[in-house]
Structures are given as C-alpha cells and as structure tokens.
Amino acid sequence: MIQLQKGVPLIDQHDENGYWGGKFGGNQIAESLNHPIEELENEFKKLRQDDTFIKERDYYFKNFIGAPTPFIKLENLTKHLGGAQIYCKLVSKATGGAHKAYNAVVHSLICRRLGKTYIGGDTGAGYAGKMLSMAAAKFNLKCKIFMGAKDIERQSINVFSMRSYGADIVPVNSGSQTLVDAVSECMRWWTSENEDAHMCVGSTVGPTIFVKICAWSTAQISREMKKQVIDEFGEVPRDMKLINCVGGGSSAAGFWNEWIDYDNVELIGVEAGGPEGSKKHAAPLTNDSPLGVLHGATQYVIQDNDGEIEETESISAGLDYPGVSPLHCFLKEAGRARYTSATDEEAIEAFQLVSKNEGFVSPSLEPSHAFAEAIKIAPTLSKDTIIVVDSCGDSAKDSKIIAERLGYKT
Amino acid sequence: MIQLQKGVPLIDQHDENGYWGGKFGGNQIAESLNHPIEELENEFKKLRQDDTFIKERDYYFKNFIGAPTPFIKLENLTKHLGGAQIYCKLVSKATGGAHKAYNAVVHSLICRRLGKTYIGGDTGAGYAGKMLSMAAAKFNLKCKIFMGAKDIERQSINVFSMRSYGADIVPVNSGSQTLVDAVSECMRWWTSENEDAHMCVGSTVGPTIFVKICAWSTAQISREMKKQVIDEFGEVPRDMKLINCVGGGSSAAGFWNEWIDYDNVELIGVEAGGPEGSKKHAAPLTNDSPLGVLHGATQYVIQDNDGEIEETESISAGLDYPGVSPLHCFLKEAGRARYTSATDEEAIEAFQLVSKNEGFVSPSLEPSHAFAEAIKIAPTLSKDTIIVVDSCGDSAKDSKIIAERLGYKT
Amino acid sequence: MSSETLYKSFVNAEKENRAALLTYTVGGDPNKSISLEIFREIAKSGVDIIECGLGHGANIGDGGAIQDSTYRALSGGIKTDDVFDIIKDFKDESEIDVIIMTYQNKIMSYGEEKFLEKCRESQVSGIICVDWPWPLNLKFSDKCKKNSITFIQLLCPTTNEERLNKILNDAHDVVYYISMLSTTGQKLKVSSNEIIERFQLIKKLSPEKKCIIGFGITADTINDFKKTDACVVGSALCREISNSIDKELNPAINVGSMVRHLKDNLNS
Amino acid sequence: MSSETLYKSFVNAEKENRAALLTYTVGGDPNKSISLEIFREIAKSGVDIIECGLGHGANIGDGGAIQDSTYRALSGGIKTDDVFDIIKDFKDESEIDVIIMTYQNKIMSYGEEKFLEKCRESQVSGIICVDWPWPLNLKFSDKCKKNSITFIQLLCPTTNEERLNKILNDAHDVVYYISMLSTTGQKLKVSSNEIIERFQLIKKLSPEKKCIIGFGITADTINDFKKTDACVVGSALCREISNSIDKELNPAINVGSMVRHLKDNLNS
Ligand SMILES: Cc1ncc(COP(=O)(O)O)c(C=O)c1O
Ligand SMILES: Cc1ncc(COP(=O)(O)O)c(C=O)c1O
C-alpha cells in the first residue's frame with residue numbers, strides 16, 4: 001500500500017517525475033508545453049521561498065479575498081439532526097463567493113512575476129473564471145476564459161461577472177460542452193500562446209505544477225481554520241471529521257491540507273452522484289473508475305473500455321468533471337481519506353435544510369453535496385464528534401437552477 | 001440654521017417628539033402603532049446599555065456578517081482618473097452582500113428579546129428582505145417579507161434567497177409596485193400583528209425608533225473603518241471625502257456616523273437621478289423636494305401639489321424611493337453633508353469602469369451611483385485628497401439588469 | 001357652527017335611544033358626480049353623519065377595500081379641492097354633518113391654514129387624521145377648534161389608561177375608538193363585548209364625549225353596538241361601490257340600500 | 001521488421017533526393033470502409049508513409065480540423081480495434097509503412113502489451129504519442145523497440161539543446177519536429193527558414209536519425225521543406241475530408257488528388 005510521509009507537505013510528496021504514490025499525476029503533456037511548465041516549476045520553487053511574494057500573497061488574501069473566512073457552529077442544524085456537532089467553514093465568504101479566489105490570485109501574481117501580461121483559464125461552474133478575471137482586472141492582465149457552452153448557459157451570473165471584469169470568454173462547443181472540454185481547449189490555447197501567456201488551471205488537476213500551485217493556494221483555508229478550531233475547542237478535537245465536496249478537488253485539498261498528519265481527523269470527500277438512477281455519476285473515486293490520463297496527468301477517470309472520457313451529469317456544474325485530482329487518488333489509495341457521493345436530489349435537499357436552518361450559510365450546489373453527507377452521518381454519531389463542512393461556494397450562482405428545481409414562484 | 005451638536009450621537013439628536021432639527025422624523029403613525037413603538041423604544045434604550053446584548057451583536061457581526069469588511073485602495077482607478085486617491089470600503093463583503101445585514105441581525109436579536117417569534121420587513125432591492133430572512137432563519141423566527149411586484153421581477157436572485165431561507169414573500173401590487181408600497185404594506189401588516197410580531201424597517205426611514213435602530217446598526221461600518229483609516233494613514237487625513245449612495249439612507253448614515261464631528265471630512269450623498277432626461281428622479285434632497293409625511297416620519301418627499309407621492313424611476317431598485325431618511329434631511333439642513341445625484345447611465349458607466357479596473361470591487365447599481373460621483377470629482381482634486389467610496393452592495397443581484405443594459409451576450 | 005352641529009347629531013341619536021350611524025366612503029370615488037350622488041343616497045337612507053375620505057396613496061391605515069376606492073379616486077384625477085367641492089355641493093343641500101378622514105401629508109401639503117379655511121367654506125364639521133397621533137396633533141387640533149371644527153382624537157385597544165386619560169383630556173367632544181389592532185376593513189378579530197367594555201371605560205373616563213366605534217363593523221355585527229354612541233361602516237360600503245362598478249350597476253343606489261340595511265340592523 | 005522498413009522509407013526518399021511525404025488522417029473517419037479507401041487512395045498518390053490517427057476525445061494537441069475528424073470517427077462508433085483492423089487490411093495489400101499517432105490514454109486503457117501485440121499483428125511501423133513526453137515515455141519506448149516498432153520522440157522549438165541531446169540520445173531512428181508552438185492545423189507562425197534551421201541543428205546533433213517535420217504545413221508551404229528528411233500534412237487533409245462530406249463528394253478521391261498535389265509541390 002502507498003504510504004503518506006509525515007511532516008512533508010502533501011503537494012511535495014511526488015517523485016521526480018511528478019507522480020504521487022509513484023503513479024498519480026505527472027506531466028503527460030505535449031512537448032510544446034515542456035518548456036513553459038519547467039519555467040513555471042522553477043518560478044514557483046523560487047516564489048515559495050520568497051518572503052516578499054508570501055507577504056504579497058497574504059496581503060491580497062487578507063484585504064481582497066477577505067481572509068480569514070468565518071468558522072461557525074451550525075446550532076440549529078446540529079439540534080435538528082441530533083448527533084454530532086456540526087460546524088461550517090464559510091469559505092463562500094471569500095470575495096467572489098468561493099475558494100477559487102485563492103488560486104486565481106496566486107496565478108495572477110505568478111503571471112506578473114513571469115513578466116507575462118496575458119492569462120487564460122478554464123472554468124466549469126464559472127467561479128474559477130470569475131475569480132481569474134476578477135484578479136486579472138486588479139492586476140492589469142489581459143484575460144481569456146474557456147467555458148463549456150452548457151456551463152455558460154447554466155451559470156449565467158458568473159458569466160456576467162467575467163464580462164464585467166473585461167475577460168474574453170471563449171465558449172467551448174466540443175464534446176459535452178462542460179468543464180472537461182473547457183480545460184482541453186484552454187490547454188490547446190496555452191500550447192500556442194505560452195511564450196506570452198500564462199495559464200491557470202482552475203482546480204488541482206492538470207500537470208503536476210498546476211496541482212501543486214492550486215493546492216498551495218487553497219491551503220489558506222485550513223491554515224486559517226486550524227487557528228479557529230483551536231480557538232474554539234482549545235485543542236484539536238479528539239474526533240473530528242472534515243467533509244468537502246470533490247470535483248477537481250481543489251477545495252478539499254485546501255480544506256484538508258493542514259490536517260493530513262492528524263490521524264484523529266477523518267477526511268471525507270463527496271463526489272457528484274448525479275440524478276438518482278442515472279449512471280452518469282461524476283464520481284471516479286467512489287465508483288472505482290479505472291486509471292487514465294486526462295489533461296496531462298494520470299488519475300482515476302470516468303471512461304469507457306476504449307479510453308474515451310465518458311459524459312458525466314450533475315446538477316452542480318462545479319463537480320461535473322470526469323477526472324479527479326491526483327492528490328485525491330493518492331489520499332484514497334493511501335487510505336487517508338474516504339470518498340463517497342451524493343445525488344442531485346440529496347444535494348438539493350441538503351441545500352434547503354441548511355438554508356432554512358442556518359440562514360447565513362447558503363451553500364451553492366457543490367458544497368450542498370458535502371452537507372448531504374454530513375446530514376446522513378451526523379445523526380448516527382455522538383455529541384463528541386465534531387463535523388466541519390466546507391461551505392466553499394455561495395448559492396447565488398445557482399439561484400436559477402435551484403428555483404426551477406424547487407418550483408419557486410417569483 | 002439648524003445646528004448639529006458635537007459629541008452627541010447623530011441618532012440621539014432628536015427632540016422629545018422624535019424630531020431631528022425640530023422637524024424631521026417623528027412618529028406620525030396610527031394610534032394602533034403607538035404601543036408597540038413605545039415598547040420598542042423602551043427595549044432599545046435598555047439594550048443599548050446592555051453589555052450582554054452588545055457582545056451578542058458583535059459576535060454575530062464578526063462571525064456571521066464577517067466584520068470588519070475590507071478597506072482597500074483602488075490603485076488602478078486612482079491612476080486612471082489621475083487626481084484624488086480613491087479608497088473603497090468593501091461593505092458588499094458583509095454576508096449576504098450588503099450593509100442591510102447589520103440592521104437585520106440587530107432587529108432579529110431585538111425581536112427575540114421582545115419575546116416575539118415572528119418578524120416582518122419591507123424590501124426594495126431585496127437585500128433588506130434577504131438579510132432579514134437570513135437572520136430570521138438563524139434565529140428561528142418566522143419571517144414575512146413585503147416586496148413590490150416590480151421589484152420581485154427585477155431582483156429575482158434575492159427573491160430566490162428569501163424563499164430558500166423559508167421566508168413568506170408577500171408581493172405588493174398596489175401603487176408603483178416598488179419599495180414605497182412595500183413599506184406601506186408592511187406597516188399595515190404590523191398594525192394588525194404587532195402583538196405577536198416585530199417589524200424591521202429596511203432603512204433609516206419610518207418612525208423615529210426605526211431610524212435610530214437602523215443607523216445604530218449600520219454604524220458598525222464607520223466604527224470599523226475609522227480604525228482602518230488610522231491604520232492606513234496614521235491619522236485622519238487632512239482632506240477626506242466620504243461618498244455614499246442614498247436611497248433611504250441607512251448605508252450613508254452608517255458610513256458617516258463616526259465622522260460627523262470631523263469637520264475636515266466631507267460627506268457626500270448620491271441619490272438616484274433616474275434615466276437621463278427623465279423627471280422621475282428618486283432624489284428628494286438634490287432636487288429640493290417639499291417636506292412631507294411618509295411612512296410615519298416627516299422628511300423631504302417627492303410629491304405633487306396635492307401631497308400625493310410621485311412615482312420615481314431608477315435602474316437601481318434600492319434607491320427607488322420617494323422619501324429619504326430624516327437623518328439626511330437634518331444633515332442637509334445643517335449643512336453637514338452635501339447631496340447630489342447620478343443618472344442611470346452614469347451609474348452603469350461607473351459600474352463598468354470600476355469592475356474593469358478593480359476586479360474585486362464589483363458594486364451593485366446602488367453604490368455605482370456613489371462611484372459615479374467619485375469618478376466625476378476625483379480628476380479635479382489633488383493627490384492629497386482621500387476619497388472613500390462605500391461599495392455597499394454586490395453586483396450579483398443586478399446581473400440580469402446590467403447584462404441586458406450592456407448587451408452582454410452569453 | 002359645525003362643531004356644534006356635529007355633537008348635536010350624536011345627541012339626537014341618543015335622544016332616539018339609538019347609536020348614530022356613520023358611513024365612510026372616499027370622496028371622488030369613482031368620480032366627482034357619482035361620489036356626490038352617493039352622499040345624497042346615503043343621506044336619504046338614514047345616515048347620521050357622513051365621513052368623507054380625502055384619499056391618500058400612502059394610506060397605511062387602510063385595508064384593501066379602501067385602498068381600491070382611493071386608487072379609483074386618485075387615478076381618476078381627484079384632487080383635494082375636488083373633494084371640498086363635493087362636500088360643499090352636498091352641504092349646500094343637506095343638514096347632515098360631514099367629517100373628513102385623511103392623512104397628515106394631505107393637510108400639510110395643502111397648508112394647514114388653507115385647509116381649515118376650505119373646511120369652513122365647505123362646512124366640514126370634523127377632521128380625523130389617521131397618522132397624526134396625540135400629542136403631535138395638539139397644535140393642529142387647537143387650530144381646528146378655533147375654526148369650529150372638531151378634531152377627532154383616535155383611541156385603540158392598546159392605548160393604555162394613562163394615555164387614554166391624557167388624550168381624552170385634550171380631545172374635543174367627539175373621539176374615535178379603533179375597535180381592534182388592524183387596518184380598516186379586516187374581519188373583526190375581537191368580540192363585540194370586548195369592544196363595548198373599552199367603550200364603556202372611555203365613557204366612564206369622559207362621560208360627555210361622544211365616541212365613534214369603527215373598524216371591522218358590517219351589517220352582521222352592527223347590531224351588537226346599538227347601545228353605544230355611534231358606529232361607522234366604511235370598507236363594506238367601499239366594497240359595495242367596487243362591486244357595483246364591476247357589475248355596471250349604479251353604486252349610489254346600491255350604497256343607499258346597504259345603508260338602509262345597516263340602519264335597520266343597528267336599530268333592530 | 002517494421003521499424004526497419006520505416007527507416008528504409010526515409011532512406012529511399014533520400015536516395016531520390018527528395019523529402020519523404022507523410023499524411024495524417026484519423027483512422028475510421030468517416031467510417032471503417034471509407035477510411036480504408038482513403039488509405040488506398042493516399043497510397044496510390046505517392047505518399048511515402050501513412051500516419052493514422054487513433055482518435056481520442058480529449059485530444060488536447062489537436063486543432064479544429066483534426067478534432068472534427070476525430071469526433072466523426074468516435075461518434076461513428078470507431079474503437080481502437082477498428083483502427084487496427086483498418087491498418088491491417090491496408091497493410092495486407094500495401095508495402096507503405098503506417099505509423100499510429102495517438103494519446104497515452106488510448107494505449108493505457110488498451111493495455112500497453114496488448115497494444116503493441118496488436119500493432120505487430122497489424123504491421124504498424126511506428127507510434128507517435130502526443131502527450132507522452134520524454135523521459136516519461138522511456139519504458140514504453142523500450143517496449144516498442146523490443147517489438148520492432150519505432151517510438152517516435154517529439155521535439156519542438158522550445159526544446160532546449162540540453163534536452164534535445166538527451167531526447168535524441170534515447171530516441172529510435174526516427175524523430176518528429178513540431179514546427180511551432182501550437183496545436184495541429186494552425187497557420188504556420190514561424191518562417192520556414194527558422195524551421196529548417198532547427199531541423200539542421202537536430203541533424204547536426206544526430207545525423208543518422210530521420211526527422212519528420214510537422215504542424216502547419218500545407219500545399220502552399222510544403223516546397224520550402226524539400227531539402228529536409230520528411231514532412232507531414234494532416235489538418236489540410238482532414239479538412240478536405242470534412243469538405244467532401246459536406247459536399248457529398250467522395251473523400252477518398254479528393255484526398256488522393258490533394259496528396260498528388262502535395263507530392264508535386266514538395267518535389268517541384
Ligand atoms: C463552489 C465550488 N465548489 C467546488 C467546486 C469543485 O471544484 P474543486 O473540487 O476543485 O473544489 C467548484 C468548481 O467550480 C466550485 O465552484
Ligand atoms: C446595496 C444597497 N445600497 C443602498 C441601498 C439604499 O438603501 P440605503 O440608502 O438605506 O442604504 C440599498 C437598498 O436596498 C441597497 O440594497
């Protein structure tokens with residue numbers, strides 16, 4: 001069995017070829033991308049050690065993204081479910097409404113350091129694109145966002161934001177017209193433009209360096225939460241469970257980062273189970289999908305016998321991705337995290353229950369999947385168990401979808 | 001001329017009948033409301049002095065609303081305009097996306113203290129209603145929101161939120177079907193239900209006690225900003241201008257509260273000028289509207305010769321109100337603040353300029369009016385002048401309106 | 001002088017051992033001439049005193065029926081002067097007292113002095129102002145007195161005894177008791193007995209003042225109040241006007257017969 | 001053995017003092033039989049070596065024309081085995097070498113060993129894998145060698161000299177130079193001279209290896225490369241297939257005549 005190393009950051013536990021556990025990740029890219037990726041690797045290695053850069057990052061995290069985001073107890077939900085105590089890390093209060101802001105800011109800062117003035121990125125739910133264009137506006141970078149035509153349709157509020165920040169949105173009409181195709185198209189674009197342009201991958205997927213930068217950025221979540229947990233409990237609780245939705249896996253990676261070495265902290269990842277009865281789950285870890293290569297990295301991928309990526313279906317655009325971060329493949333294989341899934345229906349129900357009970361927490365459909373799992377397990381657990389759910393997205397972007405689904409009349 | 005008293009909170013500078021400057025405000029209410037208003041006055045008087053209550057308020061302000069909201073320099077906009085230095089208080093980062101959260105939390109806490117389990121409120125842009133239903137969900141209160149049918153249509157994202165928090169939304173079909181009618185209907189409801197129910201007025205309007213509670217709540221904005229200003233500049237800048245949009249006036253009242261006694265701080269309120277060429281401005285202060293009684297208080301009101309409230313028209317639902325807070329009438333009359341207006345077109349342009357330049361600041365249409373004024377005056381001012389704009393709302397709720405207006409294709 | 005005739009109308013009813021009947025309709029609803037016709041019909045049908053609404057758009061004290069009437073009048077272009085015209089025309093041919101019921105902003109924007117002058121000219125006997133509570137209304141109430149117009153103070157179930165005493169102390173010789181906490185035209189949510197108890201308290205504190213009872217009274221409940229000074233029916237009549245218009249019937253005739261019906265019920 | 005015949009094809013062209021011509025089309029586009037027919041026509045039209053795409057949906061190295069071809073093949077139900085069938089059928093009647101161009105996931109999901117066995121069975125001479133760069137591909141490239149299949153390493157303008165040397169050192173006797181930074185089928189954005197300069201550098205470092213030049217070459221530019229070892233045209237042909245289908249013409253015939261035209265241009 002694959003072993004985790006204690007005391008080594010998760011993002012650095014790969015081998016010299018960029019593989020975690022000897023097989024997840026890597027740089028399965030066209031030769032044309034070798035150079036810009038090496039350049040990026042070198043820059044990131046330098047910047048991680050650069051105090052000025054870290055200060056700059058922290059300045060924007062604090063003043064622009066608004067760190068730390070709140071850590072609150074969900075009293076009503078806890079009472080309602082009558083078991084474990086449920087807490088919530090309200091990451092949706094990061095500027096823009098989701099954790100994607102951290103990665104976007106870091107990539108924009110790196111882009112400037114690389115002396116590049118153009119940045120491009122993929123987006124599914126539109127958050128990665130919204131945040132990237134938001135940061136690009138602030139840092140005076142030209143910005144191009146690749147987004148599946150289906151996602152443009154269903155996440156129109158985020159599309160509006162991108163336009164208002166002056167980003168150039170490229171609708172991707174190939175394949176399933178969702179995130180997987182947007183990432184492909186973005187990589188094609190970068191293959192052509194990498195001399196002048198930087199690319200931001202919107203989650204902990206893609207070639208190793210992108211996985212690393214993204215998880216390094218979202219690690220802010222657990223860095224600040226660790227302090228909040230200790231403030232609240234005086235110590236790390238004896239029995240704590242951290243529940244996070246997993247699409248690409250950037251939110252979960254950041255939420256868990258500081259806790260990997262704490263064996264008493266259970267890590268639970270929730271993938272998208274899709275509509276009840278559908279087979280088009282976006283849940284490669286839960287359903288033991290075969291290993292494959294997607295977007296430059298080896299990972300578990302939803303695919304047919306012929307290596308063709310299969311279409312997935314989820315009410316949540318942000319989780320609608322057939323692959324999953326090498327980091328999570330690694331954590332699963334090492335037995336460190338457990339992965340499960342929630343259906344569309346369960347997610348919607350969880351959204352309702354949480355909103356009605358807790359007001360201030362209004363999770364988007366992605367974290368509603370995480371809440372669904374919390375709601376499932378909390379009643380079976382003791383009051384000494386602490387569940388923390390990462391509410392990593394705000395429901396505003398999903399208002400149309402949810403309202404239709406629930407038959408709200410206006 | 002009316003004089004301000006130094007060292008006395010603005011909200012307490014009224015006479016025993018509730019009139020500021022001897023003529024603005026008051027309790028021009030039906031006799032049926034006399035009792036609940038007295039009850040509320042007494043409760044508020046007590047709670048203001050009650051340390052437990054203040055601690056509770058601050059706990060929720062910090063952990064739920066997310067105080068303090070960021071105070072940031074708009075470097076790009078400053079450079080672009082080439083004059084005064086422009087700063088921004090990013091109040092839109094308050095949970096829910098606007099300053100209305102402060103008032104909603106305070107009213108919900110008061111409602112509990114009053115032993116009532118039902119709360120009702122009016123809403124225009126939908127923020128006041130969204131925040132009230134959000135807080136009501138958290139505090140286990142039944143909640144009813146009155147909203148003009150026209151506003152329900154144009155602010156559907158906030159309507160979605162209210163429904164998800166379990167609020168009962170009452171569409172108001174009378175009159176102009178906007179905020180003015182929603183407030184009227186809410187007061188009618190409270191007239192019937194005040195034995196069991198508490199009412200929250202969504203801005204610094206209505207009978208004196210509502211003006212006071214609201215401004216007391218939003219004062220959090222300037223309380224935290226004062227610290228941030230001194231952190232940034234080491235002292236209160238010699239020449240500082242605070243620009244805020246004014247609908248009912250709650251945001252401006254809160255933004256200015258701590259600065260009233262600083263004569264070197266200019267206070268500028270920006271009302272809604274409506275579409276270019278339209279006469280239906282929602283700008284009673286700018287256009288010297290006559291004094292009148294509206295929703296229980298004496299104030300400048302847009303009205304015809306017969307005392308009938310005139311319809312106003314603004315692209316921004318939150319500013320579309322024919323009256324204005326007695327506090328602002330008082331500040332105007334005392335010469336302490338100056339009031340002007342921006343047109344729909346100017347607001348939209350300001351929205352674009354700010355979004356494209358600053359990314360993280362994505363003002364809704366209300367604060368876009370304030371930015372319009374900043375954009376107008378900044379180039380004529382010296383670099384030693386500090387302009388601070390209160391960006392008190394997030395654009396998400398206006399995405400439909402702005403996208404249509406700017407012809408964004410998705 | 002009109003404040004005197006107003007009081008006398010109550011005394012007259014009392015002498016006949018019955019409560020006085022007041023009607024409320026909105027001046028100018030649905031237009032100037034029909035509104036006048038309605039007053040005439042009401043007058044013919046046995047009313048004691050007519051309350052004439054001077055409609056205001058932001059009528060936060062009123063429920064749906066009166067809102068509809070108000071909306072019809074205002075959107076038909078009725079101005080304050082038109083309402084005075086209607087009252088004057090009516091008064092020129094009738095002895096029945098007319099009270100104006102309105103909101104403060106209507107008086108304020110018209111100008112208090114000018115408003116009272118106009119009231120005198122049109123022989124208005126009294127004024128009820130929904131959103132001008134005691135003690136804020138004292139200056140104006142004094143001015144009314146000087147103009148021989150009764151300013152009618154409002155009382156309600158939650159007006160505590162201390163306040164009740166003070167208001168009654170400052171009140172002219174007619175007051176108005178709001179029967180329940182609500183806007184006009186809601187279903188009566190307290191028992192008639194409770195209302196009458198409060199009425200009796202007011203009478204005990206101030207036996208000389210005539211007290212009108214209003215809000216929520218219909219043909220079905222009016223008889224409960226026959227031992228009081230007076231009751232007013234408004235929303236039921238306004239609704240009748242709306243119905244008549246919907247059915248293209250003559251509102252004046254229908255309102256008139258409803259008033260006769262009310263009068264019968266009150267006294268039966 | 002096929003890796004030998006492949007190298008010989010280049011040597012043969014060299015002997016004739018000309019660059020070898022390679023074509024790229026997607027196996028199974030638009031279906032199995034026409035795809036085979038296309039290969040036959042290409043063979044008749046003077047091609048030296050055929051590159052056959054084993055299409056992959058997430059073909060991140062390819063531009064629009066090849067994406068369209070791939071989409072047509074995949075949505076027509078073409079599987080990896082079908083592509084092997086086509087190649088085998090073709091090879092059973094032709095001496096012309098066939099190289100498979102594909103993505104790593106296609107090989108991985110098929111199974112490396114099984115994939116190579118199938119290659120041998122179908123007489124595939126070489127493999128190009130777009131997203132399997134040096135040095136990650138070394139183990140597989142060794143396996144290829146053991147199976148007498150040429151694994152063709154890729155080089156590009158930003159492959160620096162150190163890396164160039166290392167790759168060439170590990171490379172089999174044929175390599176592929178990607179002429180510019182882009183996906184397939186984009187307009188040539190560097191001058192032919194720059195490309196030829198890089199080509200010559202590669203030849204200097206490794207004179208024995210044959211180097212194919214690809215990406216962005218069309219009938220208009222192909223003549224510039226007549227002094228090189230070989231060039232490949234792909235997107236232009238895929239586009240021709242799309243056009244023919246749109247116009248309901250025979251793609252095989254049209255591709256064939258385009259290949260003749262390319263061959264003429266290359267050698268003129
Ligand atoms: C709010 C939110 N949560 C989660 C995700 C899933 O991505 P990841 O698993 O990388 O956090 C997304 C992706 O768009 C998102 O927008
Ligand atoms: C974002 C925002 N700003 C301003 C306003 C105007 O209200 P006020 O003047 O009370 O701040 C509103 C009202 O809804 C609002 O939503």
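Below, read A as the first sequence line, B as the second, and so on, with proteins coming before strands; counting in each chain starts at 1. Since we're looking at a predicted model, the values are computed, not measured.
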(message) Return the NZ to CD1 distance between K138(B) and I72(A), rounded to the nearest 0.5 Å.
(response) 6.0 Å
(request) May I ask you to name which of D394(B), V354(B), N76(B) has the most heavy-atom pairs under 4.5 Å with chain A? (result) N76(B)
(request) Can you tell which part of I65(A) gets under 4.5 Å to a heavy atom of chain B, answering side chain, backbone, both or neither? (result) both
(message) Any non-hydrogen side-chain atom of M134(B) less than 4.5 Å from a side-chain atom of E358(A)?
(response) no
(message) Nearest 0.5 angstrom please: Q228(A) CD to N63(B) CG, how far?
(response) 8.5 Å
(message) Rounded to the nearest 0.5 Å, what separates atom CZ in F160(A) from atom CG in L406(B)?
(response) 7.5 Å
(request) Name the member of N158(A), L90(A), N140(A) that forms the most heavy-atom pairs with chain B at distances under 4.5 Å. (result) N140(A)
(request) Please flag which part of F351(A) lies under 4.5 Å from any non-hydrogen atom of chain B: side chain, backbone, both or neither. (result) side chain
(request) Locate the shortest heavy-atom distance separating G166(B) from K356(A); write the atom from each residue and the value. (result) CA-CE, 3.7 Å
(message) So for A94(A), is it side chain, backbone, both, or neither that comes closer than 4.5 Å to the heavy atoms of chain B?
(response) backbone
(message) Need one label for N357(B): side chain, backbone, both or neither, based on atoms under 4.5 Å from any heavy atom in chain A.
(response) backbone
(message) Counting only non-hydrogen atoms closer than 4.5 Å, does S395(A) touch chain B with its backbone (N, CA, C, O), its side chain (CB onward), both, or neither?
(response) both
(message) Which atoms of K79(B) are under 4.5 Å from chain A, going by heavy atoms: the side chain, the backbone, both sets, or neither?
(response) neither
(message) Please identify, among S164(B), A136(B), A137(B), the residue contributing the most non-hydrogen atom pairs under 4.5 Å to chain A.
(response) S164(B)
(request) Assess whether atom NZ of K142(A) is packed by more than 12 heavy atoms of other residues, nucleotides or ligands within 6.0 Å. (result) no
(message) For the interface with chain A, which of A101(B), S362(B), G66(B) has the highest count of heavy-atom pairs at distances below 4.5 Å?
(response) S362(B)
(request) Check each of F64(A), Y165(A), F61(A) against F360(B) using the ring pair (Phe, Tyr, Trp, His ring centres under 6.0 Å) test, and report the only one that passes. (result) F64(A)
(request) Might you confirm whether atom CD of E349(A) has over 12 heavy atoms from other residues, nucleotides or ligands at distances under 6.0 Å? (result) no
(message) Quick check for you: among P171(A), P70(A), S355(A), which has the greatest number of heavy-atom pairs under 4.5 Å with chain B?
(response) S355(A)
